[in-house]
Each structure stands twice: as structure tokens, then as C-alpha cells.
Amino acid sequence: MAANTAALKAADYGKDVKLVVAKIPVKQLVSSAMFFDKKDTNDVKQGLTYFENANAKRDSDKNFGAALAGDTNIKGYAGDTVTVASLNAALKAQGLDTIYYAAKNDWWGAPGTHLAANDFGGTSGSLFNPAKVKSGDKIYVYKLTFTAKANNPDTSIGNTLDVNKPLFDKDGNVTIGDAGVQVALKYDQVSGAPHEITLNDTNMAAKSLAELYGE
């Protein structure tokens, strides 16, 4: 700081000098996150924009990404090292190690459009908005899991044009910079996913996609 430099230059031998100590700002490794079903699409523009975490909370990718970015497991000072284990701890803490989403049956008898926020939030105890999703509709519920690994593009520095640069080096480390980076997380479908479900008055009353999936 300029004030400290001036004080040191003006100091006399044997005299006290007062210096100003500035607090080092904490930095975020991650600025934002994108979430993908690795099996569902190879198009990086088709990320998951609304889904449910392991704690049965449904929210947007933006809000889940912000929660992940703010997790203390992956925050520190510029120059600090974050490990793969730390990111996995952050994902678990935010309920993002396992997620669920649903899609409508609208592509020639196959799952197509992902259900969005306005498809949920039903009244009278229904998981779904009855104006958008009705009894008798067929939907597909997906369960996905994610574990970060060293030097693996499934955890990458991401944008909509290139999501193939691994976030972690071969030793499973990454350095926190002055500015956080956007990351892309590519999830694996669990064996047996998706579950094809024909909705009725009973299963529409499920409290979560996890419950509807059968857990």
C-alpha cells in the first residue's frame, strides 16, 4: 500500500512505525456451474436447467451453481490448492452428488423435453402443476450421480463452446485464481435409469422426484 511505503521511507531509526494491515480477500474457485446428463446429450447447450438435489430440493442450475460456488470446501485465498476430494465434499454438502430430473414423453414415444420449474408446484398435494402435467401423462425420471476425478473432462472448465478442459491436473489439484471459473459437471445415469412412469392420482402426490423414482 502507498501509505505503508511512505511511512517506511519517512521512518527514523529507533522510532515506531504504524502500518496498515489489509485483510486478504477470500476467493471462490468456482464462479458458476453447468450440469449435464452425460448420456442424455453430447450437445453442450442442452444442460440441465431445473432439477432436484439429494435433499429433495428442486431449483435452477443457476441457484445450485451459486450454492456450490459458495461452499467453504472450495473457497480460499488466491494461490491456494483445491483437491478433487474438496470438490467432492462440496458437492455432497450441497446435495449435488446425486440429482434427479424428469422429461416428458413427447419425442415419438421417447423422453424429450425436460420438465421445468413451472411444471412443478402443484396444489392439493400434487408434485406437479396440473395445468402442465396431468394424470395419465407418461414421464421419465432420471437419477444421476457425480464424482470428480483427476485430469478428467467430466469435471471441466466450461462454457457453451468448449467444456472439455479438465479442471483438475493429473494429481487432482487446481489453484484458486483471482477470479473464479465456470465449471461443467457431467453426471452419470445410474444403472436402470430412467424410470418410465405413467402418472396417476396416487403417484402424482409424491413429495419429490426421488420418491417418484422409487426411493
Just verifying a value: how many Å separate Glu211 CD and Asn203 CG, rounded to the nearest 0.5 Å? 9.5 Å

Any chance the side chains of Ser32 and Gln182 put a donor and an acceptor closer than 3.5 Å? yes

Interatomic spacing from CZ in Phe128 to CG in Leu115 - rounded to 0.5 Å: 6.0 Å

Distance alone, cut at 3.5 Å: any donor-acceptor contact between the side chains of Asp37 and Gln189? yes

Nearest heavy-atom pair of Leu144 and Tyr101: which atoms, and what distance? CD1-CE2, 3.8 Å

For Ser86 and Val82, the nearest pair of non-hydrogen atoms, with its separation, is CB-CG1, 3.9 Å

For residues 173-180, please give each side-chain donor-acceptor pair under 3.5 Å, one per line with the distance, not counting sequence neighbours.
none

At their closest point, which heavy atom of Asn164 faces which heavy atom of Lys186, and how far apart are they? OD1-NZ, 3.4 Å

Pair up each side-chain donor or acceptor in residues 191-198 with any protein partner under 3.5 Å, not counting sequence neighbours, and list the distances.
| from | atom 1 | to | atom 2 | distance (Å) |
| --- | --- | --- | --- | --- |
| His195 | ND1 | Tyr213 | O | 2.6 |
| His195 | NE2 | Tyr213 | OH | 3.4 |
| Glu196 | OE1 | Tyr140 | OH | 3.4 |
| Glu196 | OE2 | Lys138 | NZ | 3.2 |

In this structure, CD of Gln28 is separated from CD1 of Ile74 (nearest 0.5 Å) by 8.0 Å

Quick one: pull up CG in Leu167 and NZ in Lys149 and give me the separation to the nearest 0.5 Å. 14.0 Å

Is it true that Phe51 and Phe35 have ring centroids separated by less than 6.0 Å? yes

